[in-house]
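For reference, the structure discussed in these notes is given below.
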There are 2 protein chains.
Amino acid sequence: MSAQTSTGANGTNGSTASPKGQPDASKLKFDLTTALKDVPKPGSTELWEQNVATDHMVTCRWTVQNGWEDPVIKPFGDLTISPLASCLHYATQCFEGMKVYRGYDNRVRLFRPDRNAKRLVMSAQRVSLPGFDPEQLVELIKALVRVDAKKWLPEPGSFRYIRPALIGTGRQLGVQIPKKAILMITLVCWPDFSTESPPGVDPRSDLRLITSRNDTIRAWPGGFGYAKVGANYGPSFASHCEAQQAGYDQVLWLLGEEGQVTEAGATPLTDRVILDGVTRRSVLDLVESRLSEELEVREAKFTIKDIEAAWRNGLLQEAFVSGTAFFIKNVSTIRVGDFNIDLPQKQDDGSAFGPRIKSWLKDIMFGGEDHEWGVVVE
Amino acid sequence: MSAQTSTGANGTNGSTASPKGQPDASKLKFDLTTALKDVPKPGSTELWEQNVATDHMVTCRWTVQNGWEDPVIKPFGDLTISPLASCLHYATQCFEGMKVYRGYDNRVRLFRPDRNAKRLVMSAQRVSLPGFDPEQLVELIKALVRVDAKKWLPEPGSFRYIRPALIGTGRQLGVQIPKKAILMITLVCWPDFSTESPPGVDPRSDLRLITSRNDTIRAWPGGFGYAKVGANYGPSFASHCEAQQAGYDQVLWLLGEEGQVTEAGATPLTDRVILDGVTRRSVLDLVESRLSEELEVREAKFTIKDIEAAWRNGLLQEAFVSGTAFFIKNVSTIRVGDFNIDLPQKQDDGSAFGPRIKSWLKDIMFGGEDHEWGVVVE
């Protein structure tokens, strides 16, 4: 045991921080900037850096003594954080990834923001950060969008990425629940992973996967793979990197000796090793509601050997991955050990399911279809 | 799959960041403060907050373009970090815990600092942070100690806690290896967990453990339990907290259906689910070199059922935990489900091994014994 716990002088350690008040969107303060930044051009290489934020951000501070303070919209800029802050040492941090869309009808929409907001609360709990009313987060996101969307999202059919995040900022090296936290929301320029490629990379609409090595497991039952916490990401970068150096786009994370397929958008959630993805859930909902005559939805555990067997028997017809960042992307190859599972590439004649589902979702996001999932920001 | 990878515009993503240069201690710059802070009194309640740093800190910046910059000793103070920094979202962070001791001979010593320095390099690699020469880190630690020890560590027999940490500061939301990082070293006032108790808590020299729940696993083979990365800590706070609310000091982390005992200072390292602790290793070394006629060292996997069986058969004689923060602490109770394994409490007549080993280590740390593990800072 390499770190310590303690019961702190004020008696607040060792007890779950209970939220006081809320990040109350009705009390939002505005500190707007006049020093506006340049907006990157559509398709510009800057987008691939994924680090150009819009002019403003939302922050809301929390302390264990006073709960949530009033949120503020202010110029995007650096945070001042103690070198002893909990989030820098103990990964007391969680986040969400979502997008804001400028519809072809010129209206601005979020996609099922309630889902992301609720998930952030769940993730916060997993790393002992304070809870809050998810509806307030949705209202704060809308407020930020109202301030920055006109300038930063002018083109119908375009989108920006929204990154709500919650970090433990309390200055405390003890193994203790954070006594301070900051909820922040930033809006970031983002490339279209589903249709574009980075500079210097051949445009490809498909995705090539490589299975994880036996000695590298992303998440495990009893762990935190189901929560969107920082702790799931940094330790996976080396595997991602290795995959890319070998010419693949993504790691297909396997679990256990049997090689159970986990992160690929089709694993049941009961083991809590993968995220309850918003895009994933929406795909399943759409298949059930619109493709029930052609497809039966079954969420089941399967292994990489099951995939291989299906492929050898000619039963593997199509595979795609889903996620907010990637959206829907067709899988062309899965590298397993020293051989490739090459998936049949269907012509775009409407017979493939992935592209059909993707186009339904796009319609909802960009206002081609009026749907309750597309939440208009007036 | 809920986030994206990309090959960045400058071609540096997707390849392991290779260190250029070193955090070169011979080039250390001094920016000393005259606004000195008050030193907490020995035994004061402030110590239990574990958040009072000394007057100075070391920082050394790294960028993927230019490698390590010259390190600097400067006044302890807040960092400015982008809201989009990698360390805040993806837990690209690792740290070390060590102590500096004022000996009874008035000399200042570190305890096996080379071990911590090497481990930080190993941990950095696990979360795709840049490597460096561990000897340079040891030299930087010594330099900080030389500046602050006279004022902050005046009392023979006292110690402070040293926290080296490495964080990914690059402003980048892509799932990418950090392009910037900061190595920082802080010196923090720390209570003596092995002899004192927090304010309002009855003084107790023993430690009470409770086994982890089946649905909460700290680390997993193929994960990163062997590295000192933030990702191992935040997700464990809730279990620590629950244990403390139930009246226990620490969680005894079990793994798998058999309840393999992991974090308790006695698990073999081959599965890489626990840290190769410096205190742990030193205890084993001392037992081999000084107690070989009384004890045989065996590192083996064992389960909580093995412990229970040994206890029921009267074979369980003594248990202690080890770590830099706690040092050596005798275990009095292990809570397993709904019953207690109460360990025999030996009188302090020299028959118990824990106290003997602890006193040897103390002698080395505080200069009672001249030993290569006690590294004098001249």
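Bear in mind the structure is a predicted one, so any value in this text is a computation, not a measurement. We name chains A, B, ... by the order of the sequence lines, and we start the count at 1 in each one.
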* Asked: Is there a side-chain contact between A:Val278 and A:Arg119 (heavy atoms, below 4.5 Å)?
  -> yes
* Asked: Are the side chain of B:Asp276 and the backbone of B:Tyr226 linked by a donor-acceptor contact shorter than 3.5 Å?
  -> no
* B:Ile167 versus chain A, heavy atoms under 4.5 Å apart: side chain, backbone, both or neither? -> side chain
* When rounded to the nearest 0.5 angstrom, what distance separates CZ in B:Arg213 from CG in B:Asp215? -> 4.0 Å
* When rounded to the nearest 0.5 angstrom, what distance separates CZ in B:Arg163 from CG in A:Leu88? -> 10.5 Å
* To do: Report the option among B:Ser82, B:Pro83, B:Ser236 that has the most heavy-atom pairs separated by less than 4.5 Å from atoms of chain A.
  => B:Pro83
* To do: Using non-hydrogen atoms and a 4.5 Å limit, figure out which bit of A:Phe237 sits close to chain B: side chain, backbone, both or neither.
  => both
* **Partner chain B: residue of A:Thr80, A:Val127, A:Leu166, A:Leu79 with the largest heavy-atom pair count (under 4.5 Å)** => A:Leu79
* Asked: Under 30°, 30 to 60°, or over 60°: which ring-plane class applies to B:Phe224 and A:Phe224, parallel, tilted or perpendicular?
  -> tilted
* Structure fact -> In terms of heavy-atom pairs under 4.5 Å with chain A, the winner among B:His89, B:Gln125, B:Met57 is B:His89
* First locate atom CD of B:Glu49, then atom CZ of A:Arg171, and finally report the distance between them rounded to the nearest 0.5 Å. => 9.5 Å
* Asked: Under a 4.5 Å heavy-atom cut-off, does chain B meet the side chain of A:Thr186, its backbone, both or neither?
  -> side chain
* Minimum side-chain heavy-atom gap A:Arg160-A:Cys189 below 4.5 Å -> yes
* Who wins among A:Ile81, A:Thr59, A:Thr216 for the most heavy-atom pairs under 4.5 Å with chain B? -> A:Ile81
* Any idea which of B:Thr92, B:Leu84, B:Val229 has the most non-hydrogen atom pairs under 4.5 angstrom with chain A? -> B:Leu84
* Asked: What residue, out of B:Ala227, B:Gly170, B:Ala219, B:Ser212, has the most heavy-atom pairs lying under 4.5 Å from chain A?
  -> B:Ala219
* With a 4.5 angstrom heavy-atom cut-off, could you sort out which part of A:Ala238 is near chain B: side chain, backbone, both or neither? => both
